[in-house]
Amino acid sequence: MTAQHPEPSPRPAALPGGLRASHDDREAVVEQLRDAAAEGRIDLDELDARLEQALTSKTYNELAALTADLPSGQSPASRPQLVITGGTFGASRGPERWEVPGHVIARGGVKLDFTRVECRLTEVAVEAYGEVSGVTIVIPDAWAADTSGTDPGFGGLTDKTTPDRLPGTPLIRLTGSGGAGGVVIRHPNRRERRKLDSNPTEA
């Protein structure tokens with residue numbers, strides 16, 4: 001008579017926090033840590049240490065430990081986008097304070113002025129389409145811009161920004177097309193600087 005062996009017990013289900021994390025999971029935590037540093041919640045040394053741990057974390061539990069003391073927030077991609085169309089009479093946003101979403105679309109005859117905003121994002125995607133009347137974008141001296149994804153078009157792309165970006169400040173990632181009117185991105189000119197200096201806290 002053949003001896004009967006007891007059937008093996010089923011393996012216990014893995015706890016959700018013990019599941020393996022994906023590349024996207026790690027990138028989401030990296031983005032949250034960078035936002036926290038930009039908001040002053042963690043210093044740059046701690047940011048570097050946590051980023052290194054995030055990129056080598058294997059499970060949800062390990063990732064969760066890195067952000068347990070931080071408020072959860074939306075990623076730039078999940079924030080609502082702002083669409084501004086200049087049309088015949090033109091349109092502008094700024095220099096008064098305004099809430100900056102993760103994605104801004106500007107079409108023809110638009111001026112975007114970021115000099116008075118308080119932006120907690122590490123990156124802002126701006127689509128600029130010069131069309132007939134052009135688009136002008138003004139960013140603070142401490143910010144930087146990546147214009148490599150922009151098609152100059154007939155009107156051209158004029159980038160007068162410097163690469164001297166301070167830690168914790170946003171990067172403007174510019175895409176779109178110059179169209180006939182062109183796209184200009186720059187830091188404040190003399191007149192704008194005088195207004196900023198005379199009313200540094202103007203709302």
>> Between the side chains of Arg193 and Asp141, is the shortest nitrogen-to-carboxylate-oxygen separation below 4.0 Å, so that they form an ion pair?
In response: yes

>> Go through it in stages, so that I can follow the logic: the residues are Gln53 and Glu62, the test is side chain to side chain contact (heavy atoms under 4.5 Å, CB included), and I'd like the CA-CA distance, side-chain angles, deciding distance and then a yes or no.
In response: CA-CA 8 Å; Gln53 293 178 56; Glu62 293 174 355; over 6 Å; no

> Is it the case that one hydrophobic cluster holds both Phe154 and Leu157, taking links as side-chain heavy atoms less than 4.5 Å apart, direct or via other members?
Replying inline: no

> Have Thr59 and Asn61 got a donor and an acceptor in their side chains that come within less than 3.5 Å?
Replying inline: no

> So, for Ala145 and Thr161, which heavy atoms are closest and what is the spacing to 0.1 Å?
Replying inline: CB-OG1, 4.1 Å

> In terms of hydrophobic clustering (I, L, V, M, F, W, Y; side-chain heavy atoms under 4.5 Å; direct or indirect links), are Val29 and Ile42 co-clustered?
Replying inline: yes

>> Leu33 vs Leu47, test: side chain to side chain contact (heavy atoms under 4.5 Å, CB included). Steps then yes/no.
In response: CA-CA 7 Å; Leu33 291 172; Leu47 173 64; 3.9 Å; yes

>> Would a single hydrophobic cluster contain both Leu82 and Val110, if residues Ile, Leu, Val, Met, Phe, Trp and Tyr are joined by side-chain heavy-atom contacts under 4.5 Å?
In response: yes

> Is there a path from Val117 to Val126 through hydrophobic residues (I, L, V, M, F, W, Y) whose side chains come within less than 4.5 Å of each other?
Replying inline: yes

> Between Pro95 and Asp113, what is the shortest heavy-atom contact and its length?
Replying inline: CB-OD2, 3.3 Å

> With a 3.5 Å cut-off and no angle check, do the side chains of His103 and Glu127 form a donor-acceptor pair?
Replying inline: yes

> Closest approach of His187 and Trp143, non-hydrogen atoms and distance?
Replying inline: CE1-O, 3.5 Å

> Does Arg186 reach the side chain of Thr158, with side-chain heavy atoms less than 4.5 Å apart?
Replying inline: no

>> Minimum heavy-atom separation for Thr150 and Pro152, please, with both atom names.
In response: O-CD, 3.4 Å

>> Assess the residue pair Ile185 and Lys160 against the criterion (side chain to side chain contact (heavy atoms under 4.5 Å, CB included)); give the C-alpha distance rounded to whole Å, side-chain angles, the decisive distance to 0.1 Å, and a yes or no.
In response: CA-CA 6 Å; Ile185 183 166; Lys160 295 183 178 180; over 6 Å; no

> Arg165 side chain to Thr169 main-chain N or O, any donor-acceptor pair under 3.5 Å?
Replying inline: yes

> Between the side chain of Arg173 and the main-chain N/O of Val124, is any donor-acceptor distance below 3.5 Å?
Replying inline: no

>> Donor-acceptor check, side chain of Arg26 to backbone of Ser57, threshold 3.5 angstrom: yes or no?
In response: yes

>> Regarding Thr122 and Glu31, do their side chains bring together a donor and an acceptor under 3.5 Å, going by distance alone?
In response: yes

>> I need the minimum non-hydrogen distance between Gly153 and Ser177, along with the two atoms involved.
In response: CA-OG, 4.3 Å

> Using links of under 4.5 Å between side-chain heavy atoms of ILVMFWY residues, direct or through other members, which residues join Val83 in one cluster?
Replying inline: Ile105, Tyr129

> Cluster question for you: counting only ILVMFWY and a side-chain heavy-atom cut-off of under 4.5 Å, with indirect links fine, are Ile84 and Val100 together?
Replying inline: yes

> From Phe114 CZ over to Ile137 CD1, what is the distance, rounded to the nearest 0.5 angstrom?
Replying inline: 6.5 Å

>> To the nearest 0.5 Å, what is the distance between OG1 on Thr136 and CG on Leu112?
In response: 9.0 Å

> When rounded to the nearest 0.5 angstrom, what distance separates SG in Cys119 from CD1 in Ile139?
Replying inline: 11.5 Å

> Roughly how far, to the nearest 0.5 Å, is CD of Gln32 from CG of Leu63?
Replying inline: 10.5 Å

>> The criterion is salt bridge (charged side-chain N to carboxylate O under 4.0 Å, His left out); which residues satisfy it with Arg50, sequence neighbours excluded?
In response: Glu46, Asp69

>> What's the separation between atom CZ in Arg116 and atom CZ in Arg97, rounded to the nearest 0.5 Å?
In response: 7.0 Å

>> For the OG atom of Ser133 and the CZ atom of Arg107, what is their distance to the nearest 0.5 Å?
In response: 13.5 Å

> Closest approach of Gly102 and Leu121, non-hydrogen atoms and distance?
Replying inline: CA-CD1, 3.6 Å

> Is there a donor-acceptor pair under 3.5 Å between the side chain of Thr147 and the backbone N or O of Leu174?
Replying inline: no

